[in-house]
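Working notes, beginning with the structure itself.
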Amino acid sequence: MDLGTSRFVTQQIEAGRIGQLRVDVVRGHFAALGARAQLGIWWNGAGIDRLLDDRHAWVVDRLAGQLPRFHFRVLSEYSFNEFGERGSIDIFGGRDDVRAVFVGEAKSEWGSMEETLRRQDMKRCLAPKLAEEAFGWRANLVASVLIFPDDSTARRTAQRFEATLAGYPARGREIRAWLQGPSDNLGGIWFLSNAATVRHRTTGTG
């Protein structure tokens with residue numbers, strides 16, 4: 001950013017006209033000063049991060065309640081440190097009779113798809129080994145599932161990037177069928193209904 005532009009941006013900020021500047025210009029201005037500008041978004045009186053956290057917690061809680069119906073033992077936020085890879089699995093389920101594991105990644109929104117898929121693929125690869133520590137046996141079958149609250153934006157994104165998500169072809173019906181009787185490895189995306197309950201609860205706070 002040249003000196004003239006920097007002076008202009010400073011004048012606009014000091015005059016209270018920051019809203020007339022582009023976000024990237026504001027960030028560049030503060031970066032040149034060794035600072036970082038952050039944008040905070042509020043929705044109906046609630047911080048967007050609170051809304052996303054609540055939706056994420058809702059997804060985890062919903063799955064933790066459903067998987068035992070299919071005879072899966074459930075571990076939430078299962079942390080690991082294997083071969084230099086660290087992280088946690090939001091929903092790690094194990095079914096003893098067929099030695100099948102469910103590796104569920106709860107998402108409130110897509111975010112970086114590349115990073116999401118990279119991390120999930122790593123967890124899927126580690127799952128058989130992690131099952132030994134978590135459930136006492138090495139997994140024969142692995143279901144790798146991304147789980148979202150059911151909303152149109154998440155569905156449209158999945159449709160738009162269908163080729164990128166080719167490794168996750170299964171949807172709710174197929175995933176439930178797998179849970180009922182695991183017979184092969186599976187990758188899928190599960191859109192859980194009733195997320196409106198979460199939105200109603202959070203938007204009434206603040």
Side-chain angles (χ1 to χ4, degrees), residues 49 52-151 154-155 157-192 195:
D49 55 342
L52 297 182
D53 286 347
D54 204 33
R55 282 160 65 86
H56 180 276
W58 178 86
V59 172
V60 172
D61 184 69
R62 179 78 181 276
L63 260 295
Q66 284 198 18
L67 292 189
R69 302 175 188 175
F70 298 96
H71 310 294
F72 278 79
R73 287 190 277 155
V74 177
L75 299 173
S76 300
E77 305 294 345
Y78 182 78
S79 60
F80 61 86
N81 183 0
E82 292 287 338
F83 309 114
E85 295 284 6
R86 297 182 181 183
S88 65
I89 300 174
D90 291 329
I91 294 290
F92 196 32
R95 183 163 160 174
D96 299 298
D97 58 344
V98 291
R99 296 191 175 185
V101 291
F102 180 94
V103 181
E105 173 71 8
K107 304 289 291 182
S108 53
E109 61 176 10
W110 276 101
S112 170
M113 185 173 294
E114 179 182 2
E115 180 65 10
T116 294
L117 297 181
R118 186 191 71 80
R119 296 287 298 174
Q120 186 66 3
D121 186 61
M122 176 265 292
K123 295 172 187 179
R124 176 187 59 79
C125 292
L126 290 176
K129 175 68 168 58
L130 297 178
E132 288 186 279
E133 302 168 2
F135 306 114
W137 37 258
R138 191 173 184 86
N140 297 322
L141 304 170
V142 178
S144 176
V145 181
L146 304 175
I147 311 122
F148 291 83
D150 190 1
D151 64 45
R155 285 186 176 273
T157 300
Q159 291 171 356
R160 180 182 177 187
F161 295 97
E162 184 177 3
T164 302
L165 297 168
Y168 296 83
R171 294 297 182 265
R173 181 177 299 179
E174 295 90 344
I175 294 168
R176 285 189 292 270
W178 185 92
L179 291 171
Q180 187 69 42
S183 59
D184 203 348
N185 293 328
L186 176 138
I189 303 172
W190 198 351
F191 299 101
L192 294 180

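All figures in this text were calculated on a predicted structure; none of them were measured in a lab. The basis for the numbers below is simple: all heavy atoms, side chains too, and nothing from hydrogens, waters or symmetry mates.
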Do the side chains of [Y] and [X] get nearer than 4.5 Å, heavy atoms only?
| X | Y | value |
| --- | --- | --- |
| Asp150 | Arg155 | yes |
| Val98 | Asn140 | no |
| Leu141 | Arg95 | no |
| Glu105 | Arg119 | no |
| Leu186 | Val145 | yes |
| Arg69 | Leu179 | no |
| Phe92 | Val74 | no |

Could you state the interatomic distance from OG1 (Thr157) to CG (Leu165), rounded to the nearest 0.5 Å? 9.5 Å
Which value, rounded to the nearest 0.5 Å, describes the distance between Ile175 atom CD1 and Ile147 atom CD1? 7.5 Å
Using modelled atom types and a 3.5 Å cut-off, is there a donor and acceptor pairing between side-chain atoms of [X] and backbone atoms of [Y]?
| X | Y | answer |
| --- | --- | --- |
| Asn81 | Arg86 | no |
| Arg99 | Trp137 | no |
| Trp178 | Asp184 | yes |

Criterion side chain to side chain donor-acceptor pair (under 3.5 Å) against Ser144, the qualifying member of Lys123, Arg124, Gln120: Gln120
For Trp110, enumerate each residue passing the side chain to side chain donor-acceptor pair (under 3.5 Å) test, keeping only those at least two apart in sequence or located in another chain. none
Looking at Glu162, I want to see if its CD is surrounded by more than 12 non-hydrogen atoms of other residues, nucleotides or ligands under 6.0 Å. no
Count the heavy atoms of every other residue, nucleotide or ligand shown that sit under 6.0 Å from CD of Glu115, and state whether that count exceeds 12. yes
Would you call the rings of Phe72 and Phe102 parallel, tilted or perpendicular, taking 30° and 60° as the class edges? perpendicular
Quick one, Ile89 with Leu130, criterion side chain to side chain contact (heavy atoms under 4.5 Å, CB included). Give me CA distance, side-chain angles, the key distance, then yes/no. CA-CA 10 Å; Ile89 300 174; Leu130 297 178; 3.8 Å; yes
NZ/NE/NH1/NH2 to OD/OE distance under 4.0 Å, [X] and [Y]:
| X | Y | value |
| --- | --- | --- |
| Asp90 | Lys107 | no |
| Arg171 | Glu174 | no |
| Asp121 | Arg118 | no |

Shortest non-hydrogen contact from [X] toward [Y]:
| X | Y | answer |
| --- | --- | --- |
| Phe80 | Ser88 | CE2-N, 3.5 Å |
| Ala64 | Ser76 | CB-OG, 4.0 Å |
| Gly94 | Phe135 | N-CZ, 3.3 Å |
| Pro149 | Ser108 | CD-CA, 4.2 Å |
| Leu67 | Gly93 | CD1-CA, 4.5 Å |

Apply the test side chain to side chain contact (heavy atoms under 4.5 Å, CB included) to residues Met113 and Thr164: give CA-CA distance (whole Å), side-chain angles for both, the deciding distance (0.1 Å), then the verdict. CA-CA 9 Å; Met113 185 173 294; Thr164 302; 3.9 Å; yes
